[in-house]
Amino acid sequence: MDRIKVKLALQAEPTGQEIESRGWVRTKRESKQGFGFLELNDGSCLSNLQIVVDASVVPDGEALLKQITTGTSIGVQGKLVASPAKGQKVELQATRIWIYGLADGKTYPLQKKGHSFEFLREIAHLRPRTNSFGAMARVRNALCAAIHEFFQSRGFLYIHTPIITTSDCEGAGQMFRVTTLDVAKLPRVARSNSPLPPGEGASADDIDWSQDFFGKPASLTVSGQLEVETFACATGDCYTFGPTFRAENSNTARHLAEFWMVEPEMPFFELVDNMGLAETFIRTILQQVLDRCAEDMAFFNERIDKTVLATLRNIIDHDFIRLPYTEAITILESCGQAFEFPVKWGIDLQSEHERFLTEQHFKQPVILFDYPRTLKPFYMWCNDDGKTVRAMDVLVPRVGEIIGGSQREDRYDVLVERLKECHLNPDDYWWYLDLRRYGSVPHAGFGLGLERALLLLTGMANIRDVIAFPRTPKNADF
RNA sequence: UCCCCGAUAGCUCAAUGGUAGAGCGAGCGGCUGUUAACCGCUAGGUUCUAGGUUCGAGUCCUAGUCGGGGAGCCA
């Protein structure tokens, strides 16, 4: 008999038809000797299929019931019938049950009770078997599918930018070094008059990187933006979607050392176009997940954050606020709120300022734009005021910055000057500058942190619980 | 990395410096179709690690490790 997934079994019209299902037992309820109920889950949906086990019907039923515990993997054949009791529409009256693998109740960590997320993080290999992480896996999958569909339906090309990079670009934080050198015996640059004995007190500058795999220092990417711009300026609208690495020693509920980022890049786009696309993008993918994961989203709203559905509805139904940085400063200065960090034009907005804007003042997403150039990277388009750049950050309630983007500086001379202003060597950016030297066009793009979007979407409090195997300082287990 | 808080049974947590406890889970038994079933019994501990103070430390002190909340950095 063909296996039917639980999701389909639950949707089927129960006419007493013979079906077979397989999965893992979530709970067992024994009503009396030789009679009990099993909750079968196979990850196809949040709900379990209730299996009715009557030892007078199921061969070896009594012995099977004794062996089967939470976590046991089994196969069941039986009749799918309407359930006479509350709690489920259909149930499977077993005629045959077999065990794939036992799960010793004495040692199996997942119990028939709620667990803290802190505990589940310690058993990341088993937490996909919980309601929360099963739902998360399905929602994450649906979000990724929605992201691809959003861009694919608009004719964007999916570009694979490199994970390993030798351009120490952007200065977007600490990077992870990639090397095949023997770290216990690093080759040094020969320096005849070096006062230090070999291998002692040397800095990275003393390493002979020419002996390394790539012949120069290499790192894991912190962004695919610079590379994807080469395609935006050639084949048109495009996006990258892949893992990103930041070696910052950040210990917060919103930071990961390895996370996934979506970075679209569009030629002939200016900042206002960029903001429009970012807003449509967020609203579209959120709606898509609500449509496709209704049961899982109801679960998050019920068990994780009772406001999450209302928050998403509010975001989808209303236009985002678009606010120049300068006006945001005016609002913060005159709002009468006492902030720990004083507000003044030119400061980088702190968490408390962002939260005030999104959670108290506007109570919806805010797109801040035209930031002081001193706060932003070299590649952003310099406004004529000489003070600001065409940057934009999309801030959402609770999570904070979910998107960062900008119109790119496409004027060769201005970009060279900006590089120098940021104490970067234009020679190191020769290929990036070439895009401005030959057939330069206005273009813009942004980056969405996938895990931050999932925080917004699910109401989860900690980013370590929206990715299967989180990498954070001092933690890369599993 | 900084500030604050925490670490005790499988899990969630109690325990004036003086014999280590509960609920849940687990095991066993019972129970007329249960819904985090219910009832009874049983087992389960190097109190995070290393030092120190004390007649005596789960409790006080120091350092470390890990976790939580907040901050910085950012997506």
Side-chain angles (χ1 to χ4, degrees), chain A residues 26-39 47-48 50-54 65-66 69-71 81 83-88 91 93 103-123 126 130-131 170-174 222-225 241 243-263 278 303 339-341 348-355 375-377 393-396 399-405 446-456 461-467 472-475 477:
Chain A
R26 282 293 177 80
T27 69
K28 172 177 71 175
R29 292 184 294 274
E30 280 186 281
S31 186
K32 58 179 178 183
Q33 282 295 349
F35 192 91
F37 301 88
L38 304 174
E39 294 279 341
S47 296
N48 306 317
Q50 174 162 284
I51 312 294
V52 184
V53 187
D54 185 339
L65 266 182
K66 204 169 191 104
T69 57
T70 297
V81 300
S83 178
K86 278 188 215 163
Q88 59 283 318
E91 62 187 24
Q93 284 183 339
D104 185 357
K106 286 196 196 73
T107 55
Y108 187 59
L110 289 174
Q111 303 173 350
K112 211 162 92 174
K113 55 172 288 195
H115 291 291
S116 68
F117 286 117
E118 289 83 0
F119 170 67
L120 291 174
R121 244 171 260 154
E122 294 169 7
I123 49 167
L126 296 175
T130 64
N131 285 334
E170 287 214 59
Q174 288 290 113
V222 293
S223 167
Q225 179 203 316
F241 186 8
T244 308
F245 308 87
R246 304 271 167 97
E248 243 106 33
N249 192 7
S250 293
N251 290 287
T252 81
R254 287 181 288 282
H255 286 87
L256 290 166
E258 176 181 303
F259 63 98
W260 286 67
M261 190 155 64
V262 189
E263 296 175 282
R303 303 298 281 273
F339 292 113
E340 187 188 339
F341 295 90
D348 216 349
L349 292 187
Q350 308 293 315
S351 284
E352 57 175 344
H353 306 137
E354 295 181 356
R355 294 183 81 105
L375 299 179
K376 293 294 181 182
D393 284 355
V394 180
L395 311 177
V396 295
V399 179
E401 183 181 347
I402 197 172
I403 278 181
F446 59 84
L448 168 86
L450 183 74
E451 285 77 13
R452 294 239 174 123
L454 283 167
L455 288 177
L456 174 68
N462 197 311
I463 203 163
R464 299 171 189 207
D465 299 324
V466 303
I467 187 168
T472 54
K474 300 284 189 285
N475 182 13
D477 292 338

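Lettering of chains follows the sequences in order, A, B, ..., and the numbering in each one begins at 1.
- Annotation: side chain to side chain donor-acceptor pair (under 3.5 Å) contacts of A:Asn251 (sequence neighbours excluded): A:Asn249.
- If you find the closest nucleotide of RNA chain B to A:Glu39 and to A:Arg464, the one lying nearer the 5' end belongs to A:Glu39.
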Once pairs are restricted to Watson-Crick or G-U wobble with both distances under 3.5 Å, how does RNA chain B read as a dot-bracket string, [ ] for crossings and | for other-strand pairs?
(((((((..((((....[..)))).(((((.......))))).....(((((..]....))))))))))))....
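- With hydrogens and angles disregarded, no donor-acceptor distance shorter than 3.5 Å links the side chain of A:Thr70 to the backbone of A:Gln111.
- Residue A:Gln33 is classed as a base contact, given a heavy-atom separation below 4.0 Å to a base.
- Looking at the side chain of A:Arg121, the nearest of the listed nucleotides B:rG72, B:rG33, B:rG68 is B:rG68.
- Here B:rA71 presents its C1' atom at 15 Å from CD of A:Glu248, a figure rounded to the nearest Å.
- Atom CD in A:Gln225 sits about 14 Å away from atom C1' in B:rC74, given to the nearest Å.
- Comparing the same atom, C1', in B:rU62 and in B:rG69 gives a spacing of 25 Å after rounding to whole Å.
- OP1 or OP2 of B:rU12 has at least one side-chain nitrogen or oxygen of A:Ser116 nearer than 4.0 Å.
- Note that CE of A:Met261 and CD1 of A:Ile403 are 11.5 Å apart. Values are rounded to the nearest 0.5 Å.
- For the OP1/OP2 pair of B:rA71 and a distance below 4.0 Å, the side-chain nitrogens and oxygens of A:Arg254 include at least one atom meeting the criterion.
- A:Arg254 CZ to A:Ile402 CD1: the interatomic distance, rounded to the nearest 0.5 Å, is 12.0 Å.
- Between A:Glu263 and A:Ser223 the shortest heavy-atom distance is OE2-OG, 2.7 Å.
- Residue A:Asn251 has no polar side-chain atom (N or O) positioned under 4.0 Å from OP1 or OP2 of B:rU1.
- Residues satisfying the ring-ring contact (aromatic ring centres under 6.0 Å, His included) test with A:Phe259, not counting sequence neighbours, are none.
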Each nucleotide N or O in nucleotides 41-47 of chain B that has a protein N or O under 3.5 Å away: list the pair and distance.
none

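- Which of B:rA75, B:rA37, B:rU1 sits closest to the side chain of A:Asn249 comes down to B:rU1.
- In plain terms, the two heavy atoms of A:Ala253 and A:Ala461 that are nearest each other are CB-O, 3.5 Å.
- For the pair A:Leu65 and A:Leu38, the minimum side-chain heavy-atom distance is below 4.5 Å.
- As judged by a 4.0 angstrom heavy-atom cut-off over every strand, A:Glu340 is placed among residues making no nucleic acid contact.
- Listed pair A:Arg29 / B:rA37 meets the phosphate criterion, a side-chain N or O lying under 4.0 Å from OP1 or OP2.
- For the P atoms, the distance from B:rU53 to B:rG58 is 16 Å, rounded to whole Å.
- Scanning atom types as modelled, no donor and acceptor separated by under 3.5 angstrom connect the side chain of A:Ser250 and the base of B:rC74.
- The shortest distance between side-chain heavy atoms of A:Leu120 and A:Leu110 falls below 4.5 Å.
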Between the protein and nucleotides 24-28 of chain B, which nitrogen or oxygen pairs are less than 3.5 angstrom apart?
from	atom 1	to	atom 2	distance (Å)
B:rC24	O2	A:Lys113	NZ	3.4

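- With rounding to whole Å, A:Gln88 atom CD is found 12 Å from B:rA37 atom P.
- Counting non-hydrogen atoms under 4.0 angstrom, A:Phe259 reaches a base of the nucleic acid.
- For the pair A:Glu30 and A:Ala253, both in contact range of RNA chain B, the more 5′-proximal nearest nucleotide belongs to A:Glu30.
- Residue A:Thr244 is classed as having no contact, given no heavy-atom separation below 4.0 Å to the nucleic acid.
- Side-chain N/O atoms of A:Gln350 include none lying less than 4.0 angstrom from OP1 or OP2 on B:rA71.
- Between B:rG44 and B:rC3, the distance separating the two C1' atoms is 39 Å to the nearest Å.
- Residue A:Phe339 contributes atom CZ, which lies 16 Å from atom C1' of B:rA71 at whole-angstrom precision.
- No aromatic stack links A:Phe35 and the base of B:rG33, using centre distance under 5.5 Å and interplanar angle under 30°.
- Whole-Å rounding puts the A:His255 NE2 to B:rA75 P distance at 8 Å.
- For the pair A:Glu451 (side chain) and A:Trp260 (backbone), a donor-acceptor distance under 3.5 Å is present.
- Distances shorter than 4.0 Å separate some side-chain N or O of A:Ser31 from OP1 or OP2 on B:rG33.
- Spacing of P atoms, B:rC61 relative to B:rU16, comes out at 15 Å, to the nearest Å.
- The CG atom of A:Leu126 sits 17 Å away from the P atom of B:rG10 (whole-angstrom rounding).
- Of the residues listed (A:Arg29, A:Arg26, A:Lys28), the one engaging A:Glu39 in a salt bridge (charged side-chain N to carboxylate O under 4.0 Å, His left out) is A:Arg29, and it is the only one.
- Rounding to whole angstrom units, CG of residue A:Leu375 and P of B:rG72 are separated by 14 Å.
- Comparing the C1' positions of B:rA7 and B:rA50 gives a spacing of 16 Å, expressed to the nearest Å.
- Within the 4.0 angstrom heavy-atom criterion, no nucleotide atom of any strand lies near A:Glu258.
- Nucleotides B:rU8 and B:rA14 have their C1' atoms positioned 9 Å apart, rounded to a whole Å.
- With contacts defined as side-chain heavy-atom distances shorter than 4.5 Å, the pair A:Val52/A:Phe35 qualifies.
- Between the C1' atom of B:rA71 and the CZ atom of A:Arg355 lies a distance of 12 Å, rounded to the nearest Å.
- A:Leu450 comes within contact range of no nucleotide atom at all, as no heavy-atom separation falls under 4.0 Å.
- Rounded to the nearest Å, the gap between the P atom of B:rG45 and that of B:rG21 is 13 Å.
- With sequence neighbours left out, A:His255 forms a side chain to side chain donor-acceptor pair (under 3.5 Å) with A:Thr252.
- At a threshold of 4.0 angstrom between heavy atoms, the contacts of A:Lys474 are confined to the sugar-phosphate backbone, with no base atom among them.
- Straight-line distance between the P atoms of B:rC31 and B:rC39: roughly 16 Å, to the nearest whole Å.
- Between the CG atom in A:Leu450 and the CZ atom in A:Phe241 there is a gap of 4.5 Å [rounded to 0.5 Å].
- Note: A:Glu401 CD to A:Asp393 CG = 4.0 Å, rounded to the nearest 0.5 Å.
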